[in-house]
Amino acid sequence: MRLVIFGPPGAGKGTQAGLLEQRHGIAQISTGDILREAMDQETDLGQKAKSYIEAGELVPDKLVRQLAEQAIADEDYDDFMLDGYPRTEQQAEWLTEFLTAHETPLDAVVSLEVPDDELVRRLSRRRVHAETGETYHLDHDPPPEDVDPDLIVQRSDDQPETIRNRLAVYRDETAPLASYYEDRSLLVSVDGTGGIEEVFGRIEEVLEARAHRG
Ligand code: ADP
Ligand code: ADP
């Protein structure tokens with residue numbers, strides 16, 4: 001399947017995409033993870049992206065286009081899900097053109113719906129493993145006890161002021177893509193509240209219903 005996992009920061013895109021990869025073998029392509037890795041390795045891309053990410057702004061379209069397209073090509077244009085891409089109308093249009101040119105259109109855009117106050121609770125309690133990038137939540141998905149607590153850190157963009165800015169950027173630049181995909185009959189909305197497994201069950205259900213629709 002070719003999917004986009006869509007939704008605001010903190011909606012659970014990465015968590016759900018990770019489960020879909022583990023259990024259904026669909027490759028997760030996270031532009032956020034790719035950019036953070038580039039930042040850690042201080043590559044040219046990482047250095048260019050750093051100031052935008054730390055301010056909670058979007059990295060310029062041109063910088064992310066190449067890395068998203070490369071990652072899709074690496075999966076032979078099939079069985080992938082994009083987590084965190086596209087985030088602007090320009091990116092969505094490029095993606096449509098790119099996939100159309102390879103005759104591999106998207107099957108669905110799964111939109112995770114979570115209210116703002118819950119997003120803030122999720123992001124402010126999110127923690128990541130400094131080396132593996134594995135995501136945890138202090139209350140809902142705590143790190144296992146055998147993990148060195150010194151390696152469990154907070155993302156630099158998960159600070160209160162940056163969280164507020166990311167939510168505003170989402171509202172202004174990314175949320176309008178829901179109607180872009182609705183117009184193309186690709187959008188499937190899923191209630192993203194409740195437990196991680198509960199949300200996963202809902203996603204499996206809607207994807208199955210869509211697969212049977214043909
Ligand atoms: P979250 O999981 O909270 O939604 P991500 O890990 O997806 O955040 O992204 C972190 C940051 O990386 C974003 O705030 C943005 O600065 C940058 N980024 C990731 N994907 C894109 C994209 N498609 N376009 C522009 N910037 C992006
Ligand atoms: P996104 O990639 O959309 O920014 P994440 O998958 O990183 O979101 O999830 C944000 C935070 O919320 C993480 O700390 C994650 O462990 C936690 N989380 C994810 N899904 C749920 C859920 N259904 N209930 C509670 N917390 C969740």
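As the structure lists them, so they are numbered: ligands from 1, and atoms in each ligand from 1.
- Remark: ligand 1 and Y52 share no N or O pair separated by less than 3.5 Å (distance only, no angle test).
- In the displayed structure, Y136 atom OH is contacted under 6.0 Å by more than 12 heavy atoms of other residues, nucleotides or ligands.
- Considering E134, H140, Q16 only, the shortest heavy-atom separation from atom 25 (C) of ligand 2 involves H140.
- Counting heavy atoms only, I53 comes closest to atom 12 (O) of ligand 1 of the residues D83, T15, I53, N165.
- Between P86 and ligand 1, no N or O atom pair is found at a separation short of 3.5 Å.
- When each atom of ligand 1 is checked for a heavy atom of T31 under 4.0 Å away, the hits are 19 (C), 20 (N), 21 (C), 23 (N).
- Protein heavy atom closest to atom 21 (C) of ligand 2, with residue, atom name and distance, is I196 CG1, 3.5 Å.
- Set against the non-hydrogen atoms of R126, the atoms of ligand 1 under 4.0 Å away are 2 (O), 3 (O).
- One hydrophobic cluster holds both W94 and L106 under the rule that ILVMFWY side chains link at heavy-atom gaps under 4.5 Å.
- Shortest contact from atom 18 (N) of ligand 2 to any protein heavy atom: R122 CD, 4.1 Å.
- Inclusion of S30 in the set of residues having an N or O under 3.5 Å from an N or O of ligand 1 is not warranted.
- Side-chain polar atoms of Q70 and D74 form a donor-acceptor pair below 3.5 angstrom.
- Annotation for E42 and Q47: closest pair O-NE2, 3.5 Å, computed over non-hydrogen atoms.
- At a 3.5 angstrom cut-off on N or O pairs, V59 counts as close to ligand 1.
- Aromatic rings from Y77 and F98 are positioned such that their centres are separated by under 6.0 Å.
- Between Y136 and ligand 2, at least one pair of N/O atoms sits closer than 3.5 Å.
- The option with the heavy atom closest to atom 10 (C) of ligand 1, from among R155, Q90, R166, is R155.
- Distance alone, capped at 3.5 Å, places no donor-acceptor pair between the D76 side chain and the D78 backbone.
- When all heavy atoms of E57 and V169 are compared, the closest pair comes out as OE1-CG2, 4.0 Å.
- Here K13 has heavy atoms under 4.0 Å from ligand 2 in both its backbone and its side chain.
- Inspection of the T88 and D61 side chains reveals an N or O donor paired with an N or O acceptor under 3.5 Å.
- Among R87, E54, E57, the residue whose heavy atom sits closest to atom 9 (O) of ligand 1 is R87.
- Atom 4 (O) of ligand 2 has as its closest protein heavy atom G10 N, 2.8 Å.
- Here's the thing with Q91: one of its N/O atoms is less than 3.5 angstrom from an N/O atom of ligand 1.
- Ligand-side atoms of ligand 1 in range of P9: 3 (O), 4 (O), range being under 4.0 angstrom from any heavy atom.
- For the residue pair S111 and Y181, no side-chain donor N or O sits within less than 3.5 Å of a side-chain acceptor on the partner.
- Contacts between L35 and ligand 1, counted as non-hydrogen atom pairs separated by less than 4.0 Å, involve the side chain only.
- When non-hydrogen atoms are compared, ligand 2 lies under 4.0 Å from the side chain of T135 (C-beta onward) but not from its backbone.
- In this structure, G194 is part of the shell of residues with a heavy atom less than 4.0 angstrom from ligand 2.
- The shortest N or O to N or O distance between L123 and ligand 2 is not under 3.5 Å.
- Using a 4.0 angstrom heavy-atom cutoff, G32 does not count as in contact with ligand 2.
- What sits closest to atom 8 (O) of ligand 2 on the protein, heavy atoms only, is G12 N, 3.1 Å.
- By the 6.0 Å contact criterion, CD on E103 is open, its count of non-hydrogen atoms from other residues, nucleotides or ligands being 12 or less.
- Formation of a donor-acceptor pair under 3.5 Å by the E182 side chain with backbone atoms of S179 is not found in this model.
- Between V114 and A11 the shortest heavy-atom distance is CG2-O, 3.8 Å.
- Ion pair E118/R121 flagged as a salt bridge, since at least one NZ, NE, NH1 or NH2 atom sits closer than 4.0 Å to an Asp/Glu carboxylate oxygen.
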